[in-house]
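Comments concern the structure below.
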Amino acid sequence: MPELTMLNSMASRDLETALNRLREWGIQAVDLKDCIFDKAVLDLSPEEAERAAAMIGERGQYVYCLSTNIFQDDIEQGEESFRECHERLIERALFLASILKPKIVRVLSVQSSKRHTFSDSTAYLEARHPWVFDLYRSAARRFYQEGVIMTIENDPHLNVFGSPEEISGFFERLNVPGMVHFTLDVQNLWQMGVFPKMEIYSKLKPLIGYLHVKGGIMDPATKELKWKSSLEDASWPVAEMCKQAAADGVSPVICLNPSHGEWKPGYDYRGIVEKDLKFLRSIFE
C-alpha cells in the first residue's frame with residue numbers, strides 16, 4: 001500500500017489544526033502548499049519555515065512535497081521576463097527546502113496564451129521557446145544537487161501538457177532521467193480534453209512519480225468534467241488506476257486533491273475529505 005497524503009489546507013486552513021488532524025487520520029507524509037501561517041509555501045520567512053518544520057517533526061510527520069507555483073506562467077512574455085521571475089522562485093524553493101527537507105518539489109507546466117494556435121507543444125517549444133527546456137533542466141539539476149527530486153505537474157489551463165504525446169515529448173526533450181518525474185493530475189488532464197482512462201495511465205507510466213487524485217462527474221452530453229464529487233462517485237476509474245499505480249510502484253505516495261467542477265444540486269458534500277481518504281484506504285485493503 002502506498003502512503004497517502006493530501007494538501008495541508010484540505011485538513012484545515014490552520015497549520016497546527018491541519019497537522020493534528022492529519023496525524024489523527026494516520027497521515028505522516030505532508031504536502032505543503034498554502035495556508036501555512038496564512039501564507040503560500042514560497043512566501044514563508046526562514047523563521048516560519050523553521051517553525052513549520054518543528055511542528056511537523058514533533059508529530060512524527062515529515063515533509064514529502066513542497067507544492068509550488070514555479071513555472072505556472074505565460075511563456076509568451078519572453079525569456080528574460082520569465083526567467084527573472086521564476087529563477088527567484090527557484091532560489092526561494094531551494095532555500096526553504098534546506099529547512100523543510102522535502103523529498104520532492106512540485107513545479108507546474110508552463111502556459112502559453114497562444115495554446116489555441118498549435119497542436120504539438122514540443123515542436124512549438126523547440127521552434128519558438130527552446131529556452132524553456134534549459135530552464136526546467138537547470139532547475140531539476142539544482143534541486144537534485146540538494147537531494148530533492150523535481151516533479152512537474154500538468155496544469156489545467158493553457159498548458160503545454162495537453163496530451164500524453166505532448167507530455168512524453170517534453171520529458172524526452174528534457175532528458176534528465178532520475179532528476180525529474182511527472183505528477184499525473186488526472187482531473188487537470190481531463191480539463192485539457194483528455195479523459196483519464198487506463199490507457200492514458202499506461203502511456204504515461206514510465207514518467208509518473210506522483211499521482212494526484214480528485215473526484216469529478218462527467219457531463220453525459222459533452223463527456224467533459226461537469227460537477228465536483230467524491231472519489232467514490234467519480235466518472236474516471238479511480239480504484240483501478242490507484243491499484244495499478246501501487247502495483248507498478250510508480251507513486252510511493254498518492255495525494256488527495258480537492259475536486260474541480262461545479263457544485264451539483266442535491267449532492268452531499270459534507271465530510272468529503274474524510275470520505276475520500278476512507279475510500280482510498282478501502283481500495284488497498
Side-chain angles (χ1 to χ4, degrees), residues 42 67-94 104-145 148-197 199-212 223-225 250 260:
L42 289 187
S67 286
T68 77
N69 61 349
I70 294 172
F71 301 140
Q72 188 186 34
D73 208 349
D74 185 5
I75 56 175
E76 307 305 338
Q77 68 186 272
E79 178 179 1
E80 183 177 354
S81 174
F82 194 101
R83 278 187 180 274
E84 182 180 357
C85 173
H86 291 278
E87 287 185 348
R88 284 200 305 266
L89 297 180
I90 292 166
E91 289 290 343
R92 188 75 188 156
L94 284 164
I104 64 175
V105 170
R106 183 208 71 170
V107 303
L108 288 159
S109 52
V110 295
Q111 300 172 330
S112 170
S113 52
K114 297 182 179 179
R115 174 73 255 206
H116 63 286
T117 68
F118 57 88
S119 58
D120 183 342
S121 63
T122 304
Y124 178 77
L125 290 172
E126 287 178 333
R128 301 291 298 275
H129 304 283
W131 54 268
V132 168
F133 298 107
D134 295 332
L135 190 55
Y136 274 90
R137 195 179 295 118
S138 172
R141 287 171 174 157
R142 292 172 70 185
F143 284 121
Y144 189 75
Q145 288 171 356
V148 182
I149 298 297
M150 188 175 86
T151 186
I152 309 172
E153 180 182 352
N154 53 308
D155 196 56
H157 304 294
L158 299 175
N159 86 84
V160 298
F161 287 175
S163 69
E165 292 74 23
E166 289 185 327
I167 295 165
S168 298
F170 186 94
F171 275 83
E172 183 178 351
R173 181 70 170 77
L174 203 57
N175 193 28
V176 280
M179 299 184 190
V180 60
H181 56 56
F182 178 53
T183 290
L184 172 59
D185 186 304
V186 295
Q187 200 178 83
N188 288 358
L189 195 59
W190 187 4
Q191 287 181 269
M192 284 295 292
V194 180
F195 182 77
K197 54 188 177 181
E199 179 186 349
I200 302 302
Y201 166 80
S202 297
K203 288 180 178 179
L204 294 172
K205 182 177 73 172
L207 306 175
I208 298 172
Y210 200 24
L211 184 63
H212 281 189
K223 309 301 182 185
E224 296 176 352
L225 172 66
V250 299
H260 298 171

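Side chains are part of it too, since the values below use all heavy atoms of this structure and drop only hydrogens, waters and symmetry mates. In this text, all values refer to a predicted model and were calculated from it rather than measured experimentally.
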Is it true that, when you exclude F118 itself, more than 12 heavy atoms of the residues, nucleotides or ligands shown sit nearer than 6.0 Å to its CZ? yes

In terms of ring plane angle, is the pair F182 and F161 parallel, tilted or perpendicular, where the classes change at 30° and 60°? perpendicular

Sidechain-backbone polar pair: [X] side chain, [Y] backbone, donor-acceptor under 3.5 Å:
X: H86; Y: I70; answer: no
X: R137; Y: R173; answer: yes
X: N188; Y: N154; answer: yes

Please assess H181 against I104 for the test side chain to side chain contact (heavy atoms under 4.5 Å, CB included), listing each intermediate value before the final yes or no. CA-CA 10 Å; H181 56 56; I104 64 175; 4.0 Å; yes

For the ring pair Y124 and H129, is the centre-to-centre distance below 6.0 Å? yes

Dump the intermediate steps for side chain to side chain contact (heavy atoms under 4.5 Å, CB included) on V180 and Y136, then the final yes or no. CA-CA 9 Å; V180 60; Y136 274 90; over 6 Å; no

Say you draw a straight line from [atom1] of [X] to [atom2] of [Y]; how long is it, rounded to the nearest 0.5 Å?
X: R115; Y: E76; atom1: CZ; atom2: CD; value: 11.0 Å
X: L211; Y: Y201; atom1: CG; atom2: OH; value: 8.0 Å
X: S168; Y: L207; atom1: OG; atom2: CG; value: 5.0 Å

Provide the closest heavy-atom pair for T183 versus T151 in the form atom of the first, atom of the second, distance. OG1-OG1, 2.5 Å

Check against side chain to side chain donor-acceptor pair (under 3.5 Å), Q187 and H212: CA-CA 8 Å; Q187 200 178 83; H212 281 189; over 6 Å; no

Is there a side chain to side chain contact (heavy atoms under 4.5 Å, CB included) between I75 and L125 once you walk through the steps? CA-CA 10 Å; I75 56 175; L125 290 172; 3.5 Å; yes

For R141 and M179, run side chain to side chain contact (heavy atoms under 4.5 Å, CB included): C-alpha distance rounded to whole Å, both residues' side-chain angles, the deciding distance at 0.1 Å, then the answer. CA-CA 7 Å; R141 287 171 174 157; M179 299 184 190; 3.5 Å; yes

